[in-house]
2 protein chains.
Amino acid sequence: MTSRLPVSSRLPDLEALELLVAVAETGSLGQAAGRLGISQPSASARMRTLERRLGVRLLDRSTSGSRLTAAGSVVTDWARAVLVQANALVEGVAALRSRQEDRLRVSASLTVAEHLVPGWLVALREAAPGVHVELNVTNSTHVIERVRADEADLGFIEGRGAPRDLHSRAVGRDRLVVVVAPGHPWTRRRRPLRPVELAATPLLLREAGSGTRETFEAALAPYGGPAEPALELGATAPLRAAAVAGSAPAVLSALVVADEIAAGRLVEVPSELRLERVLRAVWPRGRELPEPALHLLRVARS
Amino acid sequence: MTSRLPVSSRLPDLEALELLVAVAETGSLGQAAGRLGISQPSASARMRTLERRLGVRLLDRSTSGSRLTAAGSVVTDWARAVLVQANALVEGVAALRSRQEDRLRVSASLTVAEHLVPGWLVALREAAPGVHVELNVTNSTHVIERVRADEADLGFIEGRGAPRDLHSRAVGRDRLVVVVAPGHPWTRRRRPLRPVELAATPLLLREAGSGTRETFEAALAPYGGPAEPALELGATAPLRAAAVAGSAPAVLSALVVADEIAAGRLVEVPSELRLERVLRAVWPRGRELPEPALHLLRVARS
DNA sequence: GGAGGTCATAGGCGAACTCTATGACCTGCC
DNA sequence: GGCAGGTCATAGAGTTCGCCTATGACCTCC
């Protein structure tokens with residue numbers, strides 16, 4: 001979806017971008033090379049191929065150092081944005097893989113794991129490099145079970161009041177939106193969807209037990225609950241894909257469909273139903289939260 | 001800064017991530033390979049090395065296709081986030097390089113160009129693939145000059161009312177924040193900075209003529225204007241670097257320092273001064289905005 | 001004028017990737 | 001039951017690409 005047409009041929013490689021940022025910050029190809037652990041000629045060649053591939057001069061090389069051109073400066077900032085995401089991915093993967101001692105076991109709902117956890121991990125690495133996070137991803141119901149069963153030190157859930165037997169604290173909020181493919185009749189509506197309309201329409205929904213689903217059901221309960229779903233899936237990506245393909249209207253987190261909406265592949269349908277939900281951290285009562293967990297919680301709340 | 005410790009060794013390559021997304025969407029290695037224009041064995045090998053490099057199994061391969069594992073599903077969404085940024089970079093670079101016929105000449109201030117324009121370009125490519133954007137990046141003052149001189153069809157500026165002789169429309173807002181390095185005395189303050197304190201302190205500032213600088217000066221004018229800057233630079237990146245290094249407090253766009261604040265490399269100091277500013281599109285009066293420009297404006301406002 | 005910094009070039013080596021060709025396996029249809 | 005069409009994996013060959021070391025040219029500052 002993200003890559004309808006392969007950008008392949010002109011896709012820069014991440015290490016080149018990392019090098020560019022290093023050059024920008026050190027002011028010298030040689031020093032940047034040192035920082036990445038490669039030789040100066042390699043760095044020189046790499047920057048040259050990057051420039052050739054992008055078709056833009058990025059550096060003013062002089063015998064007393066290298067400075068960014070105006071274009072280079074802008075590109076460097078874009079490169080930073082790419083690297084932020086790439087680092088988040090790497091941290092996230094490390095957490096998925098981790099089977100460490102000295103570990104912090106985190107269980108997070110899908111939405112939280114996909115959109116917030118990676119950023120937290122990057123920040124946590126800066127703030128407390130010693131902490132190794134072991135990340136488990138499921139739905140909100142299961143997150144709570146794991147925290148209760150002491151299979152996780154800290155959980156992150158969506159869309160429900162925290163259970164009484166657990167501590168909890170809000171760490172953010174999210175909004176559910178109704179989206180349809182561009183051609184759908186709902187895109188031509190003049191007035192917001194009424195809840196009864198929504199309740200009567202077969203929709204694309206996440207599976208029962210997911211935070212997204214529960215929030216939605218709770219909101220529609222006064223209007224006769226949602227109709228039988230048109231399709232029910234355990235992950236957001238295929239759901240989103242089905243919505244883009246025009247199968248039916250979908251109800252998804254705003255976080256999840258932000259890109260698609262921006263790109264015009266999905267259209268948000270205004271609705272009278274207020275579908276905000278709070279994202280919360282949860283942990284066991286009666287016992288102090290371990291030190292690493294406190295760190296993560298602090299990061300998540302900021 | 002973004003890459004204090006080189007992630008190099010385990011940094012995946014973007015084409016592998018693109019392949020992962022393609023596999024997720026097609027459900028088959030072979031089809032995914034076709035989409036990227038490589039052979040099926042190459043795709044197979046690439047996915048294998050990606051899995052090996054990340055240390056996580058991403059695919060359940062079967063003789064009837066390949067499905068994502070639970071971990072793979074999450075990683076794929078993270079990969080999408082990386083690719084969104086990478087695409088934005090590629091589009092932005094294309095715009096910087098462009099010397100096309102059938103072009104739309106855009107001039108944007110640094111903050112807007114760095115943080116908003118790339119996303120708009122990606123969306124624009126989906127909505128109106130025929131439009132070729134030629135991007136010029138300067139400060140707000142110069143943007144206005146270029147629009148007046150008909151060197152740009154559309155301009156984007158920050159932090160000032162639009163000049164009378166141009167049309168304008170708000171496309172977003174930004175906030176200026178005061179940031180210091182973690183050790184700075186201001187991090188231990190109990191009460192927000194008063195404007196007179198800020199006005200009396202030498203700061204790290206953008207150059208005169210930049211939107212950031214003008215907003216700040218206007219806000220401090222009633223209090224005797226800002227003191228002589230500690231350092232004055234024409235780009236945000238080195239300014240940010242200087243702030244991280246602890247040279248002096250800096251005043252920068254919240255967009256620009258969001259990552260550093262999240263990672264604990266900079267600390268925001270609460271201030272009584274309200275430093276919001278509006279980001280606006282501007283274009284010449286008396287003449288219809290050309291069709292491609294309307295497209296971009298529509299994208300930018302959504 | 002030397003010392004220490006910058007970057008570029010040349011040559012050789014090695015690894016990594018690609019492709020084509022093939023085989024094994026499953027599913028579904030006839 | 002067996003064939004057709006899809007899946008993925010393996011093998012081997014060729015080539016490209018990128019790396020490193022060694023060197024040279026140049027600038028700046030002392």
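So you know, we letter chains A, B, ... as the sequences are listed, proteins then strands, and number each from 1. All values below come from the heavy atoms of this structure, side chains included, with hydrogens, waters and symmetry mates left out.
Picking from C:dA8, D:dG18, C:dT6 the nucleotide with the shortest atom distance to the side chain of A:Arg46 gives D:dG18. Of the candidates C:dC19, D:dC8, C:dT9, C:dT9 carries the atom nearest the A:Pro41 side chain, counting heavy atoms from C-beta on. Listed nucleotides: D:dA22, C:dC7, C:dT18. Nearest to the side chain of A:Ser66: C:dC7. With D:dA9, D:dC19, D:dT21 as the candidates, the nucleotide lying closest to the side chain of B:Ser44 is D:dA9. Comparing atom distances between the B:Arg61 side chain and each of C:dT20, D:dC8, C:dC17 picks out D:dC8 as nearest.
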Which donor-acceptor pairs under 3.5 Å do the side chains of residues 68-78 of chain B make with protein atoms, sequence neighbours left out?
unit_1  : atom_1 : unit_2   : atom_2 : d
B:Thr69 : OG1    : B:Arg57  : O      : 2.9
B:Thr69 : OG1    : B:Leu58  : O      : 3.2
B:Thr69 : OG1    : B:Gly72  : N      : 2.9
B:Thr76 : OG1    : B:Gly72  : O      : 2.6
B:Asp77 : OD1    : A:Arg240 : NH2    : 3.4
B:Asp77 : OD1    : B:Arg80  : NH1    : 3.2
B:Trp78 : NE1    : A:Ala113 : O      : 3.2
B:Trp78 : NE1    : A:Glu114 : O      : 3.1

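A straight line from CZ of B:Arg48 to P of D:dA11 spans 12 Å, rounded to a whole angstrom. To the nearest angstrom, C1' of C:dT6 lies 15 Å from CZ of A:Arg67. The CD atom of A:Gln40 sits 12 Å away from the P atom of D:dC19 (whole-angstrom rounding). In this structure, CG of A:Leu29 is placed 5 Å from P of C:dC7, rounded to the nearest angstrom. Atoms CD1 (A:Ile38) and C1' (C:dC7) sit 14 Å apart, rounded to a whole Å. The interatomic distance linking B:Glu15 (CD) with C:dC17 (P) rounds to 11 Å, in whole Å. To the nearest angstrom, P of D:dT7 lies 17 Å from CG of B:Asp60. The interatomic distance linking B:Leu36 (CG) with C:dC19 (C1') rounds to 16 Å, in whole Å.
The closest side-chain heavy-atom distance from B:Leu110 to B:Val137 is below 4.5 Å.
Taking side-chain N and O atoms only, B:Ser28 has a distance below 4.0 Å to OP1 or OP2 of D:dC8. For A:Ser42 and D:dG18, the shortest distance from a side-chain N or O to OP1 or OP2 is not below 4.0 Å. For C:dT6, one of the phosphate oxygens OP1 or OP2 lies less than 4.0 angstrom from a side-chain nitrogen or oxygen of A:Gln31.
Using a 3.5 Å distance cut-off with no hydrogens or angles, the side chains of A:Ser107 and A:Asn136 do pair a donor with an acceptor. Side chain to side chain, A:Ser109 and A:Thr111 fail the donor-acceptor criterion of an N or O pair below 3.5 Å. Side-chain contact annotation: A:Ser62 with A:Ser64, donor-acceptor N/O pair under 3.5 Å present.
With hydrogens and angles ignored, the 3.5 Å screen pairs a side-chain donor or acceptor of A:Arg213 with a backbone N or O of A:Arg206.
Taking a 6.0 Å sphere around CZ of B:Arg67, one finds it holds 12 or fewer heavy atoms contributed by other residues, nucleotides or ligands.
If you check every strand for non-hydrogen atoms under 4.0 Å, B:Ser62 touches sugar and phosphate atoms only.
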Give each protein N/O atom lying under 3.5 Å from an N/O atom of nucleotides 27-30 of chain D, with the pair distance.
unit_1 : atom_1 : unit_2  : atom_2 : d
D:dC27 : O4'    : A:Thr63 : OG1    : 2.9

